[in-house]
Amino acid sequence: PAQRVMHTSDAFFRRFLMLWLGFGVLACIYTLFWAREALYAAVICLATGGAAQLCLRTGHTVVARWLFVLPLSITTALAPWLVNGIRTPVLANMPMMLVLAGWMLGRRVMWGMACAFMVALTALWGLEQLGLWRMPVPLRGVDLWFIVLSLSVLACVIVMSELIGNYQADMQRESAWQERLSSTLQFASLVIDCSPVPIRVFNQAGRCVAVNEAYAQLIGVPCTLLLEESLYGAALQNTTGLAADCQQALVSGEPLQREVQAS
């Protein structure tokens, strides 16, 4: 299941990265003509997306994830110190960055990043309260706030929707595999029970997991007792070499023929 989830996550990451690069191009055009003070954010979007895309093309998917998440996270944590402190719309990207980190790099990275964000915000708030830090850039207009907040909400919804879809798809595949396995086991059990040939099945631990009535009649022992018996029990150990041969067959996975006399 983990490999299937990772595969679907990689597939979505490729699509998401293309959307991200398109957003970066549009952001560069917008900031270049109408909000030059925010041009750095658009440039960072293009730089991180381009680096991640290059790694994906070379097959380094894990490196691509780190190159996408880490620079954006560092920028999100440091930007408030350079612009409007805890009043900058850049902070609206923190939830999205945590979602991306948890999805692509795991829960430990996500929690570590959340702690780093909280430390940075607490330090900035404390310095401002003590009068040691002052906002270097006047508050921006409401249009930029609206754009950043709207895009953050949209990105979070897209990512979470894909995560939920991946989880549901994985659970459906797992359920289908469980049904196929159950059907196979039921069929195998039916074949063993109805076979006129004496059959007894052991697992690799040496435990008897199946036995049919033909075997029980041949040995003269009830099936319930045979199911409780181990391959390494006294009854089979007394049969010269049988337990050792069975153990060898279980370990090697190769068929082995052996004739014994039932008394």
Side-chain angles (χ1 to χ4, degrees), residues 13 16-17 19-53 62-163:
F13 182 45
F16 182 81
L17 199 56
L19 293 175
W20 184 266
L21 289 172
F23 163 72
V25 172
L26 294 177
C28 281
I29 295 174
Y30 173 80
T31 55
L32 187 62
F33 290 99
W34 292 285
R36 286 183 175 271
E37 69 276 8
L39 182 60
Y40 69 93
V43 173
I44 291 174
C45 287
L46 285 178
T48 55
Q53 182 69 24
V62 176
V63 177
R65 292 173 179 233
W66 278 101
L67 285 178
F68 183 73
V69 173
L70 195 59
L72 290 175
S73 303
I74 294 175
T75 302
T76 304
L78 295 181
W81 295 81
L82 305 175
V83 285
N84 290 348
I86 57 175
R87 290 179 289 277
T88 175
V90 175
L91 298 181
N93 294 310
M94 283 188 174
M96 183 189 71
M97 294 312 307
L98 293 177
V99 171
L100 289 173
W103 164 47
M104 292 193 289
L105 300 175
R107 288 180 294 178
R108 291 184 179 180
V109 176
M110 180 183 68
W111 278 104
M113 190 180 297
C115 292
F117 283 163
M118 292 305 300
V119 169
L121 291 176
T122 303
L124 184 57
W125 173 80
L127 291 175
E128 187 174 352
Q129 292 295 315
L130 295 174
L132 301 176
W133 184 92
R134 295 186 181 278
M135 185 167 53
V137 180
L139 287 174
R140 300 187 177 99
V142 69
D143 57 341
L144 189 59
W145 283 77
F146 171 76
I147 292 173
V148 173
L149 289 172
S150 300
L151 290 175
S152 297
V153 170
L154 181 61
C156 286
V157 169
I158 292 174
V159 173
M160 290 307 299
S161 176
E162 186 69 15
L163 287 175

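Position 1 is the first residue of the sequence, and the numbers go up from there.
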Legend entry - Non-hydrogen side-chain atoms of Val25 and Leu46 separated by less than 4.5 Å: yes
Legend entry - Point-to-point distance, once rounded to the nearest 0.5 Å, from CG of Leu67 to CG of Leu70: 8.0 Å
Inset, instruction - Under the side chain to side chain contact (heavy atoms under 4.5 Å, CB included) rule, collect the residues that match up with Leu121, sequence neighbours excluded. - result: Ile86, Leu91, Met94
Inset, instruction - May I ask you to decide if Gly85's main-chain N or O and Thr88's side chain share a donor-acceptor pair within less than 3.5 Å? - result: no
Legend entry - Heavy-atom side-chain proximity of Leu26 to Tyr30 below 4.5 angstrom: no
Inset, instruction - Tell me, yes or no, whether the heavy-atom count around Met135 atom CE, taken from other residues, nucleotides or ligands under 6.0 Å, exceeds 12. - result: yes
Legend entry - Those residues that, when tested against Phe16, pass ring-ring contact (aromatic ring centres under 6.0 Å, His included) (two or more places apart): Phe12
Inset, instruction - Working to the nearest 0.5 Å, report the span between CH2 of Trp20 and CZ of Phe68. - result: 4.5 Å
Inset, instruction - Heavy atoms only: give me the nearest Pro136-Val83 pair and the separation to one decimal. - result: CD-O, 2.6 Å
Inset, instruction - Answer yes or no: does atom CH2 of Trp81 have more than 12 heavy-atom neighbours from other residues, nucleotides or ligands under 6.0 Å? - result: yes
Inset, instruction - Kindly indicate whether the side chain of Asn93, heavy atoms from C-beta on, has any atom under 4.5 Å from the side chain of Val90. - result: yes
Legend entry - Close side-chain approach of Met97 to Leu100, heavy-atom, < 4.5 Å: yes
